[in-house]
Amino acid sequence: MNIQTVGVVGAGVMGIGVAQNLAQTGHQVILVDISEDILDKAKHEIRNNIRFQSFFKKGDRQESPNTIIEAIEFSTNYKILENADFVVENVTEKWDIKREVYPLIDSICRADCVFAANTSAIPITRIASVTKRADKVVGIHFMNPVPMKPMVEMIRGYHTSDTTIETAKQMLSQMGKECIIVNDAPGFVSNRVLMLTINEAVFLLQDQVATAEDVDKIFKGCFGHKMGPLETADLIGLDTILFSIEVLYENFNDSKYRPCTLLKKMVDAGLHGRKTGKGFYVYQ
Ligand code: NAD
């Protein structure tokens with residue numbers, strides 16, 4: 001299958017990165033979100049990200065942000081997804097929101113179009129259950145920031161076909177990425193561990209065992225991690241962390257996934273991390 005036109009649904013932290021990465025690797029991209037304001041902000045951020053990331057691409061020919069932006073069609077109208085060969089869904093990590101999106105794109109997109117759910121924790125089999133193409137639904141858990149991360153976690157849902165896995169691998173290869181394939185379970189491999197770790201790090205802060213800086217320093221200085229769990233939470237978005245740990249809690253019915261009350265309070269207060277300028281740290 002020749003994957004040329006790719007729909008990207010949701011223009012938040014991840015949708016922006018996926019759209020940019022696709023446009024930079026020669027695809028025609030259709031980026032859909034619910035408001036023009038969000039799409040304008042997405043366009044602005046993609047332009048800034050290309051400029052910023054070009055500093056890390058030493059020796060490469062510098063890309064023009066305008067050329068990349070021109071390869072992306074920004075729209076609030078789902079109807080233009082009718083010509084997409086492949087769709088990557090990146091809407092808010094809430095089942096109530098995702099469950100509305102899939103029947104809609106299912107009714108618009110071509111029958112051969114593959115849907116990749118870029119979810120942090122929601123089972124792919126559940127997502128596929130609200131479509132009439134369960135065999136063509138796969139999980140692709142992209143890492144953040146998408147254009148700079150060469151590896152993803154791919155999740156095979158109960159009905160995901162081998163052909164769909166191959167198409168998704170081809171899509172990723174066209175984007176310059178490799179994948180590790182895992183079976184379906186809430187949080188998959190990465191976030192079943194990471195979300196629990198971040199939640200526990202917030203408990204440490206709440207219990208005044210250490211400051212945010214010292215929690216992160218222990219992971220960096222002692223374990224050699226590039227980032228500590230609280231810095232990572234700020235990068236992901238504290239709202240997305242809370243929604244993901246809630247998905248794990250609801251799906252496993254296990255109290256070890258109960259969200260920390262400090263995390264809930266910070267989300268209620270609008271401290272969502274880098275995307276709102278303040279989380280465990282302050283960003284300019
Ligand atoms: P975000 O909150 O930054 O963005 C979500 C976007 O979805 C918003 O722009 C919102 O307007 C849009 N949206 C909501 N309802 C919509 C609808 N009906 N149609 C179209 N757009 C809609 O969230 P994010 O961090 O970009 O996360 C998106 C998905 O990617 C989530 O499922 C999340 O779990 C997953 N994810 C996030 C990260 C991360 O580091 N942030 C990493 C991997 C996967």
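The chain is numbered in sequence order, starting from 1. Atoms within each ligand, like the ligands themselves, are counted from 1 in listed order.
If you check each of Val247, Ile140, Val8, Thr92 against atom 5 (C) of ligand 1, the one with the closest non-hydrogen atom is Thr92. Here atom 21 (N) of ligand 1 lies nearest to Asp33 when heavy atoms of Asp37, Asp33, Asn118 are compared. In the candidate list Val88, Val101, Leu104, Val101 is nearest to atom 18 (N) of ligand 1, counting heavy atoms.
Residue Ile38 approaches ligand 1 through these ligand atoms, each under 4.0 Å from one of its heavy atoms: 9 (O), 11 (O). Near Ile34, meaning under 4.0 Å from any of its heavy atoms, are these atoms of ligand 1: 11 (O), 16 (C), 17 (C), 18 (N), 19 (N).
With no hydrogens or angles considered, a side-chain donor-acceptor pair links His141 and Ser190 at under 3.5 Å. Residues Thr25 and His27 have side chains that bring a donor and an acceptor to within less than 3.5 angstrom of each other.
Heavy atoms of Phe243 found under 4.0 angstrom from ligand 1: none, in either backbone or side chain. At a heavy-atom distance under 4.0 Å, only backbone atoms of Ala11 (N, CA, C or O) approach ligand 1. At a heavy-atom distance under 4.0 Å, atoms from both the backbone and the side chain of Val13 approach ligand 1. Counting heavy atoms closer than 4.0 Å to ligand 1, residue His141 contributes side-chain atoms (C-beta onward) but none from N, CA, C or O. Neither the backbone nor the side chain of Met143 has a heavy atom within less than 4.0 Å of ligand 1. Under 4.0 angstrom from ligand 1, the non-hydrogen atoms of Ile97 all belong to its side chain.
The local environment of NZ in Lys278 is sparse, with at most 12 non-hydrogen atoms from other residues, nucleotides or ligands closer than 6.0 Å.
Closest protein heavy atom to atom 40 (O) of ligand 1: Asn144 ND2, 3.1 Å. At the shortest separation from atom 1 (P) of ligand 1 among protein heavy atoms lies Lys275 NZ, 3.7 Å. Looking only at protein heavy atoms, the nearest one to atom 22 (C) of ligand 1 is Val91 CG1, 3.5 Å. In terms of protein heavy-atom proximity, atom 37 (C) of ligand 1 is nearest to Met14 CG, 3.3 Å. Scanning all protein heavy atoms for the shortest distance to atom 17 (C) of ligand 1 gives Tyr78 OH, 3.4 Å. For atom 28 (C) of ligand 1, the nearest non-hydrogen atom of the protein is Asn90 O, 3.1 Å. Remark: minimum distance from atom 41 (N) of ligand 1 to any protein heavy atom is reached at Ile236 O, 2.9 Å.
Comment: Arg110 engages Asp112 in a salt bridge, judged by a side-chain N to carboxylate O separation of less than 4.0 angstrom.
Side chain of Asp234 to backbone of Phe280: a donor-acceptor contact under 3.5 angstrom is found.
Note on ring orientation: taking the six-membered ring where Trp is involved, the planes of Phe219 and Phe223 are perpendicular (angle over 60°, cut-offs 30° and 60°).
Using a 4.5 Å heavy-atom threshold, the side chains of Glu89 and Val8 count as separate.
Ligand 1 lies less than 4.0 angstrom from a heavy atom belonging to Lys98.
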